[in-house]
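Just below is one structure, and these are the notes that go with it.
The structure presented is a predicted model; accordingly, all values stated were derived computationally and were not measured. Proteins come first, then strands; the chains are lettered A, B, ... in the order of their sequence lines, and each starts at number 1.
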There are 2 protein chains.
Amino acid sequence: MSQSAQIRRGLQALRQKFRARYRSPGTSSQPDLHSKKSSYICANAIPLHSHQNCIEQDSYVSRKASRKTAGKTPDIRTVAALAKVSIATVSRTINGSPLVSERLSKRVWQAIRQLNYFPNTHARTLVSGRSRLFGIIVENITNPFFPELIQSFEEIAVAHGYEILVSSSNSDPIVLTQCVRRMLERKVEGVAVMTFGEEEPVLDQLVHRNVPIVLAEFKLDDPKASTILLDYSTGIHEAVNHLVTLGHSKIAFLAGPHKLHSAITRENDFRTAMKAARLPIQKEWIIECDHTLKGGVAGFGNFRSLAKRPSAVICSNDMTAIGVLRAAYLEGLRVPQDLSVIGLDDIDFAEFTLPALTTICLSRADLAHAAFEALRQQAENPNDPNRKREFLVSTRLVVRASTAAPSTSKR
Amino acid sequence: MSQSAQIRRGLQALRQKFRARYRSPGTSSQPDLHSKKSSYICANAIPLHSHQNCIEQDSYVSRKASRKTAGKTPDIRTVAALAKVSIATVSRTINGSPLVSERLSKRVWQAIRQLNYFPNTHARTLVSGRSRLFGIIVENITNPFFPELIQSFEEIAVAHGYEILVSSSNSDPIVLTQCVRRMLERKVEGVAVMTFGEEEPVLDQLVHRNVPIVLAEFKLDDPKASTILLDYSTGIHEAVNHLVTLGHSKIAFLAGPHKLHSAITRENDFRTAMKAARLPIQKEWIIECDHTLKGGVAGFGNFRSLAKRPSAVICSNDMTAIGVLRAAYLEGLRVPQDLSVIGLDDIDFAEFTLPALTTICLSRADLAHAAFEALRQQAENPNDPNRKREFLVSTRLVVRASTAAPSTSKR
DNA sequence: GTGCACTTTCAAAACGATTAAATCTGCAGA
DNA sequence: TCTGCAGATTTAATCGTTTTGAAAGTGCAC
């Protein structure tokens with residue numbers, strides 16, 4: 001039995017060898033130009049060989065043949081045959097290995113161009129273990145902040161030969177978990193979790209699979225997770241001081257949803273800034289919104305019933321501020337004469353609101369850059385003990401037209 | 001020589017056979033519960049077996065072993081060993097093949113859950129030829145229309161087990177070509193080209209590689225390219241009629257960039273609608289803009305120097321209209337009293353401009369749905385002669401607050 | 001006990017690349 | 001003339017799946 005198995009094996013091995021020989025041996029003494037032409041014809045002529053006398057390989061060859069005739073996708077073998085080298089040499093050439101001589105390299109590139117060949121990423125990933133894929137998970141792709149962030153991130157990634165997988169969690173932990181799962185299936189080399197503070201449910205999966213992570217604003221005690229610290233404090237202090245300088249003292253804050261760490265940080269930084277400016281904080285002037293435009297409209301509506309109303313509002317993000325702008329307009333309040341409004345993010349749109357929004361700028365480009373660098377660092381030096389790093393992205397006030405001195409006469 | 005080669009082969013085949021035996025044979029007579037436990041231990045115990053007496057397999061086994069110990073990623077073999085079946089059975093179970101008995105299927109799923117295993121997409125793609133990836137190329141991801149489109153598309157795709165690759169061309173043919181190249185490398189099963197009319201440079205590559213395409217608004221004489229026809233006509237007629245009913249006759253049109261087919265279609269539909277309403281078209285009231293907010297501001301500026309100014313403006317997209325809103329505000333014109341403005345797209349934001357924008361709605365959800373169905377149809381029935389289809393997405397007017405009767409007194 | 005359909009499971013080839021190991025090719029030195 | 005040593009090239013194993021064709025059970029009639 002084991003004897004017969006051995007013999008069967010021998011036969012199979014032989015067949016395999018024979019199949020591997022399907023590319024024509026060719027005569028190596030032909031001049032260069034000519035040899036190219038002849039081997040090209042040869043490569044395309046493979047289907048013609050399918051009527052060979054060996055029965056067992058028919059199915060293989062014919063399948064191969066049919067694929068070649070429909071034949072849109074040249075593979076590394078096609079290139080090798082055309083360039084008359086082994087597939088290893090082709091692979092080396094493509095990957096810029098110094099082990100390939102000038103002469104062959106030229107021939108291989110010529111063949112690659114002629115066939116318009118490019119390697120199959122899946123095959124590459126499978127054997128090399130590197131997918132050159134990064135995932136980026138954002139909170140809500142319809143908030144303009146995130147497309148702008150994605151755009152920057154994509155640009156940088158592509159420039160470095162990476163591809164990105166985008167998902168938006170819509171603040172739903174279940175969706176988030178599925179995003180992560182899908183990214184793991186695709187073997188991403190790292191994930192930028194740009195949800196600004198609801199990441200807990202995903203961390204387990206990623207950490208467990210040993211996938212690098214970068215988090216905005218949430219530190220994780222894992223060597224695989226880098227962190228981007230966001231210094232809202234600077235910008236928020238500037239904002240408060242700006243209002244104080246203009247003569248405001250009744251300053252409200254429309255916060256983000258408390259389930260986001262970032263929202264809480266922003267709110268706390270506001271409180272600190274107010275304290276530093278020696279201004280009182282009215283409890284009913286701090287309202288939790290949801291970082292959406294509608295939320296801003298609704299949030300500002302809460303002030304309507306108040307006896308003592310704020311003369312200025314700082315918002316946890318720009319969308320909320322735009323909502324306030326709208327709510328004020330509907331209520332007949334003029335901005336900035338009757339009400340000053342400050343946003344946070346400085347989305348592209350902020351420049352074009354009516355009036356143009358004074359806001360705290362959080363650079364998407366900086367953030368994207370930090371996120372990419374963090375991931376790349378970890379992905380490319382998996383054993384570097386210092387691969388985990390912290391990045392700092394700062395904020396600053398951008399003064400536009402939505403802030404002015406309060407009209408003392410009126411309130 | 002060929003004799004010795006044969007012998008060498010035989011030996012190698014044997015070695016291979018031996019290696020394949022690395023998972024323990026186990027005794028098949030154990031009761032179910034117990035067997036699970038014992039095989040679990042067995043699977044994890046593989047590293048212990050590395051001190052075997054066969055020298056040639058050392059490197060293989062030990063590498064395998066070290067991977068197992070660092071072992072974050074269980075593969076199909078791990079599952080098979082744990083469930084005490086062959087990897088083929090595991091594969092069948094996962095893919096719901098009817099050839100697996102109830103009893104085994106249960107055992108396999110149990111193992112899968114226990115290991116938190118999921119298949120490697122790259123390996124799957126490689127062998128099955130199906131990547132379950134669709135590409136979507138948009139014009140400019142920072143135009144809110146597109147994130148909304150992407151969001152819908154992604155939702156539908158994920159619900160059907162597909163993943164998406166997003167790229168924005170930024171109206172640059174070179175960037176576009178690179179996007180397509182990257183998508184081809186990842187072996188996408190189809191590409192939705194949502195650039196609305198500059199697709200020519202990419203078609204070649206995709207058609208040549210036999211990749212299904214769906215185009216918005218541009219017919220291609222290829223059986224692999226489905227088309228989504230956009231009926232702007234309905235919405236634009238409604239818009240013109242709406243303005244006419246309000247009493248407008250001096251209607252301008254801020255067009256999109258002429259390099260986009262869609263922009264030209266929209267403009268032509270406007271002309272047709274004007275003719276149908278028996279209104280004169282002033283040449284200087286039709287201006288080519290670039291579909292951006294800034295472009296809208298600039299475009300509207302052209303009217304300032306005119307002796308005879310329009311009382312209403314229809315814009316080729318919402319961003320342009322928002323630009324007009326801003327330009328009018330800066331100029332001191334009140335919307336809608338002094339100027340009526342109509343956009344096109346109905347991006348989420350349109351509801352929240354000041355005043356809320358009257359606009360022609362082009363449903364992202366419908367568009368995304370059509371695009372996905374078109375691709376799926378083609379990807380899953382590669383030989384169906386009717387796989388190429390045409391979809392129609394219509395438009396309709398949404399009246400909000402940016403349109404009103406012209407103040408006759410003033411102009 | 002044998003033979004024959006019919007299930008069920010298994011083993012091995014294949015997908016398209018990378019890469020370690022083996023082989024080949026010149027050429028210098030004994 | 002032969003050996004040894006680089007450097008250039010090729011060979012073959014490998015990644016983790018799917019998918020066949022073959023093997024092994026199973027049940028039943030003869």
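- Contacts between residues 121-135 of chain A and DNA chain D, defined by a heavy-atom separation under 4.0 Å, are made by A/L126, A/V127.
- Regarding A/L184, its CG atom lies at a distance of 16 Å from the C1' atom of D/dG16, rounded to whole Å.
- The list of ring pair (Phe, Tyr, Trp, His ring centres under 6.0 Å) pairs with a residue in residues 104-135 of chain A, not counting sequence neighbours, reads A/H122-B/H122, A/F134-A/Y162, A/F134-A/F372.
- In this structure, B/I76 places its CD1 atom 11 Å from P of D/dG16, rounding to the nearest Å.
- When atom types are taken as modelled, the side chain of A/E189 and the backbone of A/S131 share a donor-acceptor pair closer than 3.5 angstrom.
- B/R132 pairs by the salt bridge (Lys or Arg N to Asp or Glu O under 4.0 Å) definition with nothing, not counting sequence neighbours.
- A heavy-atom distance below 4.0 Å to DNA chain D is reached by these residues of residues 91-102 of chain B, ordered by number: B/S91, B/R92, B/N95.
- Remark on DNA chain C: of its neighbouring residues A/F118 and B/A88, the 5'-side contact belongs to B/A88, judged by nearest-heavy-atom nucleotide.
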List the steps, then state whether salt bridge (charged side-chain N to carboxylate O under 4.0 Å, His left out) holds for A/E102 with A/K106.
-> CA-CA 6 Å; A/E102 189 68 19; A/K106 240 165 124 179; over 6 Å; no
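- Bending across the helix from C/dG1-D/dC30 to C/dA30-D/dT1, expressed as the angle between its end axes from five pairs apiece, amounts to 80° (10° rounding).
- You'll find the side chain of B/L115 reaches within 4.5 Å of the side chain of B/L82, heavy atoms only.
- Considering every non-hydrogen atom in both A/L165 and B/I164, the closest pair reads CD1-O, 4.0 Å.
- Between B/V85 and B/R107, the closest side-chain pair of non-hydrogen atoms falls below 4.5 Å.
- OP1 or OP2 of D/dT9 has at least one side-chain nitrogen or oxygen of A/R103 nearer than 4.0 Å.
- Looking only at side-chain heavy atoms (C-beta outward), B/T89 and B/V100 come within less than 4.5 Å of each other.
- Annotation: salt bridge (Lys or Arg N to Asp or Glu O under 4.0 Å) contacts of A/R182 (sequence neighbours excluded): B/E154, B/E163.
- Atom CD1 of B/I112 is separated from atom C1' of D/dT17 by 13 Å (rounded to the nearest Å).
- One can place CD of A/E185 at 14 Å from C1' of D/dG16, the figure rounded to the nearest angstrom.
- Defined by atom type and a distance below 3.5 Å, a donor-acceptor pair is missing between the side-chain atoms of A/R186 and B/N120.
- If you find the closest nucleotide of DNA chain C to B/T89 and to B/K187, the one lying nearer the 5' end belongs to B/T89.
- Among C/dT9, D/dT17, C/dT19, the nucleotide with an atom closest to any side-chain atom of B/I87 is D/dT17.
- By the 4.5 Å heavy-atom criterion applied to side chains, A/Q205 and A/L184 are counted as neighbours.
- Set against D/dT17, C/dC10, C/dG16, the side chain of A/R77 has C/dG16 as its closest nucleotide.
- A/N120 has its CG atom 14 Å from the C1' atom of D/dT17, to the nearest Å.
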